[in-house]
Each structure stands twice: as structure tokens, then as C-alpha cells.
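Input: a single structure, listed below in C-alpha cells.
Proteins come first, then strands; the chains are lettered A, B, ... in the order of their sequence lines, and each starts at number 1.
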Amino acid sequence: MQHLHVFNSLNRQKELFEPLFPPRVGMYVCGPTVYNDVHLGNCRTFVSFDIIYRYLLHLGYKVRYVRNITDVGHLVGDTDEGAESKVDKQARLEQKEPMEIVQHYTNGFHQMMQTLRTLPPSIEPTATGHLLEQIEMVQAILKNGYAYINNGTVYFDTAKLIANFPDYGKLSGKKVDELIAESRDNLKHQSDKRHPTDFAIWIKADPNHLMKWQSEWSLGFPGWHLECSAMSTKYLGKEFDLHGGGMDLQFPHHENEIAQNIGACGNSPARYWLHTNMMLLNGRKMSKSDGNNVMPKELFSGNNGFFSQPYSPMSFKFLLLQTHYRSTLDLTEGGLESASKAYQRLMKLYQTLLNISPAAQPDAAADAEISLFVKKAAEAMNDDFNTPEVLSLMFQIAPRINDGFIAKASAQQLDALKTSFRQFLFDIFGLYDETEADSQHQDSHLLAATLDLILKMRAGARARKDFATSDLIRDNLLSIGIQIKDSKTGATWEKI
RNA sequence: GGUCGGGUGGCCGAGUGGCUAGGCUCAGCUCUGCAAAAGCUGCUACAGCGGUUCGAAUCCGCUCUCGACCUCCA
């Protein structure tokens, strides 16, 4: 595959990626609701899209990557009146200002994204910062006849949309007939909504609701789906290239986003919809309520009831890379351990590769092997970002690097291989060498332990009255800047 | 119940009609004073049953089974 193909959820097949306005690419990803610590499943999604973002940049596209922060509107219960906002609920629980909650968990989210070495998006808009845009969108939807008002709450009229745009449901594979059939059965249970698939785009706040704004319909707040429509339209236009998110957002969130955009702008917003699959823990869905859940910090510290040891952020990220983003990923001890070792081996391999010098008499076979690697790796990434395949290719060429065969390559080809490895590992996958990064910390530890050993050996020499050896140690250490000081209680050292 | 997607060797996990990824584990060998690293070799699998085909993990049908979504979730 010479050109990038992506799996488009809209048509359930891989399609050639053609931006609307090359070389520019507009990309929108649904960000977190900042009412709690970010969890591992969130991390998977954002790491996946980070790699997609990085790869698009690598291909030379000028990408505007928008990822929102949901700080209002995401409800705990149903969208009917009386439902509580997640942020509101947490604020009450922690006895804090809602914006205090928002700030706290936004900070934590950013820290975790940094820990996992993801790039910040181009724009990270918040829902509360775009009330005006959202209100304007509600107005537009009302004006176009795709919404109705009931008791100060504005509902999107899905039945009306389906009548004019039968594609509603296409993204999530829902059949319009079934949605309608369902509505007949359930209609009697509905209070303010005309149709069960209708959803609130502006919600009248009950009196003790903390976050609320004045609008022409009521003192209230925007519906959850609305912010993404409003902000993607504002920053990427009515139609843009890529829209991403977790698979669980496909319905109803993304379906309703499309509905809102059609209702307000007359067209579906994104041309390619990408969805990342879910992460499981020991074969079961991660869920806070039944305890089958590990937080990122708990994974990295080892302080959890699931795994026998801590696993580093890069080990975890490597595990993500070993699985395609559209497959479910089962987080297990064996998987983490395997990924951790493979990651360390790959980092070592890269160092080995860097130290190889080109041969004076190049061997065409070595050159050919490198060409094949570069070609296949590009093909793998172009095939819907197949990172497991790229890693597999790297490990396939690993023996040829380690046994010296690749050293027979020409300077040009060897350089190409080094560049390719560097680009994949660091620029596209966003890995880094943890042992190297931690080395400053570790070096002082290492120095102390090493000198401790040397001093013990010197003490042994002195005990044997082998002063030639003990002086050799002392003088040599002094010449490299370490002063030994003997005392009654033993020897100590210091840097001079 | 409806919709959708899976079931691959000890474990994890790519792969969509022939050329039987890769990682980890395990066993053995080479190298090596010992160890580590590295290299090499072995364990050669596609849930089951039928069908299509010269040929299927890959296509079709049925069965079993797991999961996701349908309700807040990345």
C-alpha cells in the first residue's frame, strides 16, 4: 500500500485517505470528561490517536488536531430533566467549586498524557469556554426545524431528521426501522421527549444545579453531544477530515453529533470516523463499579491488587503498540511482562544499531534487506496504522543487526535504517528510552554502590597489608576526582 | 431480546485464499572461566462440524462460545 488507508467506521472498510484540503488535515478527537482521574482505557484511546496524529505529521501533513475537554454537560443519568452533571456531582462530593474539580482533573490528565509521551493537541477547547457557540448551534437547529422546546429544555427531533436524512444510524449500524419500532414500544415511558432517540441539546437546570447559564430557553446548560459539534465546527469547519474516539462513543454520542451537524449545518461533519477498541482487564471489561479496574498510577507504581510488580509507562505503551487499535486489548500480567521485556530489547537494539559503522565494501544483500524493511514498514503503517506489524518487522531484522550482517551495508543504506528506526520509535510511536532518561537519577545510585564495593575491596587489601593495591585504588580514584578519607570507622569518599 | 465484532500454538498478539508474523515463556545448542548479552534450533497453531476451491486460519452455512453496543463510559 503506497498511500495511507484508514478504516472508516462509516462504511466499515478501509478507504484511501484523501484530505479535503491537502496538505492540511483537520482531526477531532473526543477528549475526557474531567470529573475523575483518567483511566487506562482513556489512555489507550489518546495514545492511539497520538500515534495517528504523529504519523500524519510524519507524512508531511499540516494537521490541526483538536481534542476537547468536557467540563460540563456530561450527565450521570438519563438526559431527562433532573439528571445530574458528572462534574457537578463530583464537586458536591468533594465539596469544591465545579471549576476546581475541572482544573484538578485536567491537570492530572495532562500529566498522564505527558507521562505517556503524547503530543499536546493543536487546540484543546473546553465546553464551558464555548457556551456562545453552543447556544448559537441550538438556535440554528431550532431554526431549521430539527428541535423542539419542552419545559425550557430543547430536544433534538430525531424522527424529523430520519424523515429527511435516512442515513441516521449509519455510523453505529443502527437501522432506522428498528429505532422507530423501538420508539413505539417505549413511547409511553417518555415524559418530555417525543421519541426515545431524541436527546437534549439544551437542558433546563434544576435549582440546586451548580453550573448553569442563562439562555432564551431557560437557565440551564448544554447537552453533552453538543459541545463536540459546536467546537469541531468552529475550529475545523463544517466539514473536516478525521473524527475519532473510543468505540463506546460511536452510539449515541457520535451518531448524535452527526445529527446535530446536519441539523445546524446541513451536512455530516467528518469524512472519516475512526474508533479505537476497548481495553479489558484479565478478560473482563474494566469497570470501577465492580472493582475490575486499575488506574495508570497504580499500574506504574505496582500498588494494585492485580499485578505482582510495577510496569513502566513505556512498557504499557509498548503493549498498546503490539495490539492494533481496532482490536480489544486484554491487560494481563503475562502481556505486560512480555511487552516490558520486548520494549527493553528494542531499545538496546537501537543502541546497537547506532554504533554500527558502514562497511568499506558494501554487500548488496545487506542493502537489499534494509530496503525491504523500510518499504514494508511504510506499507504496514499505511495500512490503517498497523503498528504491531512494524514492530514485527523490527524484530525480524534484529538478528541481522546483532550478528553484524547489517554492518556490511553501504553508508547510505545504513543511514536509512538508522533514520527509519529513529522515526518509528521516537517520532511516530513516541517512545523514549526509560533507562537513559532515568540515568541521571540512577547514576548517583550506581556511583555510590560501585564505590562502596571498591572501598570494601580496598579494606580487604589493607587487612592483608597489601598496601600496593590499596594505594593504587586511592591514587587512581584521586586522579579521576574522588578523594578517599580513611578513619577509625572505615573509609568514606567525596567528589573533589 | 436486538445489532455488531471476535474465538489463532504454554501466554500475548498480527495476518483475509497458496509463500505457514512477531514478542514473551519453555527446552536445547554455540560462544563463554562462570554468568549475562548475542546467535542458532525445537515446541509449527488457527473453536467445532459441513460446504466452495486444485488449494482456506482466511470465502459460505450451521453449532458452540466470548465480548462490545443498545443506558453514563475512551
Side-chain angles (χ1 to χ4, degrees), chain A residues 9 12 14 29-33 35-36 38-49 67 70 73-80 83-86 89 109 169 171-175 177-179 181-182 185-186 196-197 199 224 244-255 274-280 283-289 293 315 318-346 348-349 351-352 376 380 383-384 386-405:
Chain A
S9 303
R12 282 155 224 289
K14 287 178 192 169
V29 172
C30 292
T33 303
Y35 70 107
N36 218 325
V38 62
H39 64 84
L40 285 169
N42 290 308
C43 292
R44 181 189 191 193
T45 295
F46 299 133
V47 166
S48 296
F49 283 108
R67 185 183 66 204
T70 299
H74 202 157
L75 301 181
V76 177
D78 194 6
T79 49
D80 279 333
E84 205 175 10
S85 146
K86 289 193 170 189
K89 186 184 177 187
F109 170 64
L171 178 68
S172 52
K174 307 277 177 216
K175 292 196 176 64
D177 301 355
E178 281 157 12
L179 290 171
E182 189 187 10
D185 296 341
N186 298 345
T197 52
F199 54 94
W224 170 42
M247 238 166 216
D248 49 354
L249 294 184
Q250 207 164 337
F251 189 89
H253 183 61
H254 289 159
E255 203 69 75
L274 275 57
H275 290 98
T276 57
N277 215 321
M278 298 292 100
M279 196 159 90
L280 308 174
R284 283 169 47 227
K285 183 185 171 177
M286 277 193 156
S287 161
K288 228 180 273 185
S289 51
N293 185 48
S315 297
F318 195 88
L319 181 67
L320 299 182
L321 287 163
Q322 275 189 312
T323 310
H324 189 88
Y325 75 91
R326 280 190 293 110
S327 299
T328 52
L329 187 158
D330 192 8
L331 195 68
T332 60
E333 179 103 54
L336 282 164
E337 207 178 319
S338 166
S340 172
K341 289 188 178 170
Y343 156 71
Q344 288 170 39
R345 221 187 115 198
L346 198 57
K348 220 181 291 177
L349 180 72
Q351 288 305 322
T352 305
K376 281 188 165 180
D383 183 12
D384 198 30
N386 195 337
T387 57
E389 181 68 22
V390 176
L391 291 176
S392 168
L393 291 166
M394 287 178 150
F395 280 111
Q396 281 178 69
I397 206 171
R400 302 287 78 82
I401 292 171
N402 282 321
D403 70 9
F405 176 75

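When heavy atoms are screened at a 4.0 angstrom cut-off, A:G245 is found touching the sugar-phosphate backbone but no base atom. Using a 4.0 Å heavy-atom distance criterion, A:H39 is classed as a base contact. Across all strands shown, A:R67 has no heavy atoms under 4.0 Å from either base or sugar-phosphate atoms. In this structure, A:S327 reaches the sugar-phosphate backbone alone: every heavy-atom distance under 4.0 Å involves primed, P, OP1 or OP2 atoms, never a base. A:Q396 comes within contact range of the sugar-phosphate backbone alone, with a heavy-atom separation under 4.0 Å but no base atom that close.
Spacing of P atoms, B:rU52 relative to B:rG15, comes out at 29 Å, to the nearest Å. Nucleotides B:rA21 and B:rA35 place their P atoms 33 Å apart, quoted to the nearest Å. The P atoms of B:rA27 and B:rU32 are separated by 23 Å, rounded to the nearest whole Å. Straight-line distance between the P atoms of B:rC59 and B:rG18: roughly 12 Å, to the nearest whole Å. Nucleotides B:rG22 and B:rC40 place their P atoms 11 Å apart, quoted to the nearest Å. Rounded to whole Å, the C1' atom of B:rC54 lies 36 Å from the corresponding atom of B:rC66. Rounded to whole Å, the C1' atom of B:rC24 lies 31 Å from the corresponding atom of B:rG33. Distance noted for atom C1' between B:rA14 and B:rA57: 12 Å (whole Å).
Across the protein-nucleic acid pair, A:F405 atom CZ and B:rA38 atom P stand 20 Å apart, rounded to whole Å. Atom-to-atom, CZ of A:R326 to P of B:rA68 comes out at 19 Å; the value is rounded to the nearest Å. Atom P of nucleotide B:rC40 and atom CD1 of A:I401 are separated by 12 Å, given to the nearest angstrom. The distance from atom NZ of A:K376 to atom P of B:rA14 is 18 Å, rounded to the nearest whole Å. Counting to the nearest Å, the P atom of B:rG13 and the CG atom of A:L320 are 12 Å from each other. Distance, A:F318 CZ to B:rG13 C1': 12 Å, rounded to whole Å. In this structure, the CG atom of A:L280 is 11 Å from the C1' atom of B:rG6, given to the nearest Å. For the pair A:L329 CG and B:rC11 C1', the computed distance is 14 Å after rounding to whole Å.
A close approach under 4.0 Å does not occur between any side-chain nitrogen or oxygen of A:K89 and OP1 or OP2 of B:rC72. Contact check, A:R12 against B:rC4: no side-chain N or O comes under 4.0 Å of OP1 or OP2.
The shortest side-chain heavy-atom distance between A:L274 and A:Y325 falls under the 4.5 Å cut-off. A:L336 places none of its side-chain heavy atoms less than 4.5 Å from the side chain of A:S315. In this structure, A:L171 and A:H275 have side chains that are in contact, with non-hydrogen atoms separated by less than 4.5 Å. A:F46 is listed as a side-chain neighbour of A:P32, based on a closest heavy-atom distance under 4.5 Å. Side-chain contact between A:M286 and A:L331 is present, with at least one heavy-atom pair separated by less than 4.5 Å.
For A:K348, whose side chain is taken as the heavy atoms from C-beta onward, the closest listed nucleotide among B:rC70, B:rA74, B:rA37 is B:rA37. The side chain of A:T323 has B:rG13 as its nearest neighbour among B:rC24, B:rG13, B:rA74. Of the candidates B:rC70, B:rA14, B:rG22, B:rA14 carries the atom nearest the A:P388 side chain, counting heavy atoms from C-beta on. Of the candidate nucleotides B:rC12, B:rC40, B:rG23, B:rC40 has the atom nearest to the side chain of A:P399. When each of B:rG13, B:rC70, B:rG15 is scored by its nearest atom to the side-chain atoms of A:N386, the top-ranked nucleotide is B:rG15. Of the candidates B:rA14, B:rG13, B:rA74, the closest approach to any side-chain atom of A:M279 belongs to B:rA74. Closest approach to the A:R345 side chain among B:rA74, B:rA38, B:rG22 is made by B:rA38 (side chain taken as heavy atoms from C-beta onward). For A:L319, the side-chain atoms get nearest to B:rC12 when compared with the rest of B:rC12, B:rA74, B:rC70. Distance from the side chain of A:S338 is smallest to B:rC24 among B:rC24, B:rA74, B:rG39.
When A:L40, A:L280, A:L319 are each tested for a side chain to side chain contact (heavy atoms under 4.5 Å, CB included) with A:L329, only one passes: A:L319. Applying side chain to side chain contact (heavy atoms under 4.5 Å, CB included) to A:H324 and the options A:N277, A:T276, A:D384 leaves one that passes, A:D384.
The backbone N or O of A:L320 lies less than 3.5 Å from no partner atom in the side chain of A:R44, so there is not a single donor-acceptor pair. Counting only distance, with no hydrogens or angles, the side chain of A:S392 and the backbone of A:P388 share no donor-acceptor pair below 3.5 Å.
Along RNA chain B, the nucleotide nearest to A:E389 and the one nearest to A:N402 differ in position, and the one closer to the 5' end is contacted by A:E389. Judged by closest nucleotide on RNA chain B, A:K285 is the one of A:K285 and A:G31 placed further toward the 5' end.
With values rounded to the nearest 0.5 angstrom, A:I401 atom CD1 is found 10.5 Å from A:F395 atom CZ.
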If you write RNA chain B from 5' to 3' in dot-bracket form, with Watson-Crick or G-U pairs under 3.5 Å, [ ] for crossing pairs and | for pairs with another strand, what do you get?
(((((((..(((.....[...))).(((((.......)))))....(((((..]....))))))))))))....

